[in-house]
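In what follows, residues are counted from 1 in the order of the sequence shown. Basis for what follows: all heavy atoms, side chains included, without hydrogens, waters or symmetry-related copies. Both counts, for ligands and for their atoms, begin at 1 and track the order of listing.
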Amino acid sequence: MRTRAGTTSPLTELERKQVRAPVPKDWTYAPAPESRDIVRLEKQYGHYVGGEWLEPTDTYTTISPASEEPLAEIGQATRAEVHQAVAAARKAFDNGWSEISPSERAKYLFRIARILQERSREFAVLESLNGGKPIKESRDVDLPLAAAHFFYYAGWADKLEYAFPNQKRRPVGVAGQIIPWNFPLLMLAWKIAPALAAGNTVVLKPAETTPLTALLFCDVVRQAELPAGVVNIVTGDGRTGVEIVKAEGVDKIAFTGSTEVGKAIQRELAGSGKKLTLELGGKAANIIFDDAALDQAVEGIVNGIYFNQGHVCCAGSRLLVQESIYEPVVDKLKRRLTTLRVGDPLDKNTDVGAINSKQQLEKIEELVASGAEEGAEIYQPPCRLPEKGYWFVPTVFTNVAQSYRIAQEEIFGPVLSILTFRTPEEAVEKANNTPYGLSAGVWTEKGSRILWMAERLRAGVVWANTYNRFDPSSPFGGYKESGFGREGGRHGLEPYLQLDESEAFGG
Ligand code: NDP
């Protein structure tokens with residue numbers, strides 16, 4: 001090697017290695033597994049009630065969907081156990097949590113956020129192990145966003161008078177919170193952070209198939225020295241959810257899950273005086289205009305539907321492509337699909353992980369079969385799936401009519417239905433032709449068109465030239481059968497507060 005002065009200098013160690021490094025024979029990815037040693041699983045978990053672990057009366061086994069390997073025994077909470085948790089939450093509410101200074105409440109939320117950051121690798125590995133999502137998503141999306149949510153609401157806890165000026169604000173009381181399996185820890189954060197910031201206490205039930213990060217979160221609560229009973233976690237299937245909804249001491253229900261269960265909860269609570277927010281399903285349209293940057297749009301389509309195996313309520317599951325660019329978009333998309341790596345969720349190279357449960361896999365398979373039967377054309381890239389576990393190849397349907405079930409029903413899997421349109425008016429009409437109204441995406445280079453579309457799309461969130469972007473400061477929620485109420489942002493505090501204008505003006 002020659003230096004600038006023309007003298008010869010010895011190779012550095014790194015340069016020597018580079019000189020010796022062989023040229024790879026092919027460019028396939030070598031496995032890059034994340035170690036699971038950081039996670040210490042208990043044999044059995046009880047319910048976290050009043051700051052202590054309750055021995056469960058009944059249990060079931062939670063598994064890894066990628067290997068079907070049993071991971072731990074989990075409590076199936078009975079009515080009595082749910083009532084115990086509600087009583088603990090009520091006691092904590094009455095004995096000080098609702099009265100402590102807002103900046104004290106902020107302190108606890110801030111601590112939780114910090115601990116989540118410190119333990120994020122442990123949580124990410126556990127999330128992927130129990131839920132099947134790729135580690136790069138749990139590591140780079142779920143965990144940072146969950147911590148950000150706690151930080152964000154820590155910031156609001158002592159500023160509620162600015163969030164709702166000229167209104168008297170009181171916490172609602174005990175919040176019953178029921179969450180799904182697609183973003184277990186993130187949904188927990190969306191529920192618990194605003195509830196606590198507003199001065200409520202909570203009883204939360206994670207989904208039957210993904211309880212482990214919620215149970216690990218109890219240890220974060222302990223580390224943060226949160227007063228006993230402020231956060232209570234009970235586990236179990238839908239029967240436990242029913243008991244939370246019915247429990248007398250619960251003042252507010254926050255539910256995320258299927259539209260069917262959401263409707264049942266709404267019927268159950270009618271006339272009860274309990275507050276309710278519902279974040280339900282979706283069948284979002286991702287709309288690509290012919291002036292869009294196509295390569296970026298194709299990445300947005302892939303992120304919109306294959307992120308988290310399509311287990312996303314706001315997934316861009318209906319692709320609306322302007323007719324003039326239909327062929328290049330479909331060609332680019334099919335080519336991109338061949339590069340997606342499906343497999344071990346704990347491998348850092350994996351793009352698409354395991355389907356969350358056997359039940360969900362069967363639902364996807366049934367809907368995909370209906371698409372082929374109704375006349376749509378199916379495309380699946382060549383893909384070797386692991387022998388054990390629950391898997392589904394990323395799938396694209398073309399020749400889809402609006403009436404087909406795959407264009408109407410929420411599949412909640414890695415399955416995209418492609419339709420076309422000619423004019424912006426037709427795009428709006430097709431996008432809104434669904435009972436849902438959670439989200440939409442618009443791809444175009446024209447700002448004016450983005451605003452024109454956003455005004456007309458009946459969706460709670462409209463992304464422009466991007467998709468599936470979340471931020472704690474941005475409210476999220478639906479119209480129509482996608483539910484009501486908002487989570488995130490200042491709006492996310494409102495369901496956890498009683499607001500009274502007259503008292504503030506009077507006093
Ligand atoms: P559910 O709506 O059944 O589950 C959501 C949560 O509610 C879970 O904790 C569940 O417990 C609980 N639950 C179930 N039944 C009741 C009840 N009667 N009262 C109170 N709580 C109840 O969704 P699934 O897991 O069955 O998924 C079915 C479909 O729902 C999916 O295929 C998808 O289309 C959609 N879905 C939408 C989600 C969204 O984010 N919008 C999230 C999840 C699913 P348990 O886990 O034990 O069933």
Side-chain angles (χ1 to χ4, degrees), residues 58 60-62 65 74-77 79 82 130-133 176-184 186-188 190-191 203-214 233-247 250 253-269 274 276-284 307-315 317 355-368 390 392 405-406 408-415 434-439 460-461 468 470 476-478 480-485 487:
D58 200 3
Y60 68 93
T61 308
T62 189
I74 305 296
Q76 165 66 48
R79 176 178 302 174
V82 168
N130 197 200
K133 65 172 67 197
Q177 307 181 316
I178 301 166
I179 57 171
W181 40 262
N182 51 347
F183 293 92
L186 185 57
M187 287 302 105
L188 173 149
W190 280 28
K191 297 281 180 284
V203 174
L204 178 135
K205 184 192 96 63
E208 179 189 357
T209 55
T210 52
L212 290 179
T213 45
I233 308 272
V234 290
T235 50
D237 61 19
R239 291 169 294 171
T240 305
V242 170
E243 295 304 339
I244 294 176
V245 171
K246 286 187 173 164
V250 170
I253 293 290
F255 172 81
T256 299
S258 63
T259 294
E260 190 193 346
V261 173
K263 284 181 181 173
I265 292 176
Q266 198 172 12
R267 278 194 295 273
E268 176 67 36
L269 293 188
K274 288 181 191 172
L276 174 65
T277 42
L278 296 175
E279 201 267 90
L280 309 176
K283 191 75 190 173
F307 170 64
N308 201 25
Q309 297 72 246
H311 300 331
V312 183
C313 48
C314 49
S317 52
I355 299 301
N356 183 264
S357 65
K358 186 160 180 272
Q359 201 185 5
Q360 188 59 28
L361 179 59
E362 285 166 1
K363 182 183 165 185
I364 297 168
E365 286 170 344
E366 195 265 318
L367 275 160
V368 166
Y390 314 128
F392 200 82
R405 287 181 64 202
I406 52 167
Q408 287 290 328
E409 295 179 30
E410 186 177 44
I411 302 175
F412 226 62
V415 182
T434 164
Y436 298 109
L438 193 55
S439 58
V461 179
N468 273 339
F470 304 95
F476 183 90
K480 303 195 281 184
E481 293 203 6
S482 292
F484 49 80
E487 294 185 291

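The closest side-chain heavy-atom distance from Leu280 to Glu481 is not below 4.5 Å.
Using a 4.0 Å cut-off between a side-chain N of Lys or Arg and a carboxylate O of Asp or Glu, Glu243 and Arg239 do not qualify as a salt bridge. With salt bridges taken as basic N to acidic carboxylate O contacts below 4.0 Å, none links Lys363 and Glu409.
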Could you tell me, for ligand 1, which of its N or O atoms are under 3.5 Å from any protein N or O, listing the pairs and their distances rounded to 0.1 Å?
| from | atom 1 | to | atom 2 | distance (Å) |
| --- | --- | --- | --- | --- |
| ligand 1 | 2 (O) | Ser258 | N | 2.8 |
| ligand 1 | 2 (O) | Ser258 | OG | 2.7 |
| ligand 1 | 9 (O) | Ile179 | O | 2.8 |
| ligand 1 | 9 (O) | Lys205 | NZ | 3.0 |
| ligand 1 | 11 (O) | Lys205 | NZ | 3.0 |
| ligand 1 | 25 (O) | Trp181 | NE1 | 2.5 |
| ligand 1 | 32 (O) | Gln360 | OE1 | 2.9 |
| ligand 1 | 32 (O) | Gln360 | NE2 | 3.2 |
| ligand 1 | 32 (O) | Lys363 | NZ | 2.7 |
| ligand 1 | 34 (O) | Lys363 | NZ | 2.9 |
| ligand 1 | 34 (O) | Glu410 | OE1 | 2.9 |
| ligand 1 | 41 (N) | Gly257 | O | 3.2 |
| ligand 1 | 41 (N) | Leu280 | O | 2.8 |
| ligand 1 | 46 (O) | Glu208 | N | 2.9 |
| ligand 1 | 47 (O) | Glu208 | OE1 | 3.3 |
| ligand 1 | 47 (O) | Gly238 | N | 3.0 |

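We find the CG-CD distance between Asn182 and Gln360 to be 9.5 Å, quoted to the nearest 0.5 Å.
Between Trp190 and Phe183, the distance separating the two ring centers is not shorter than 6.0 angstrom.
Between the Gln177 side chain and the Lys191 main chain, a donor and an acceptor come within less than 3.5 Å of each other.
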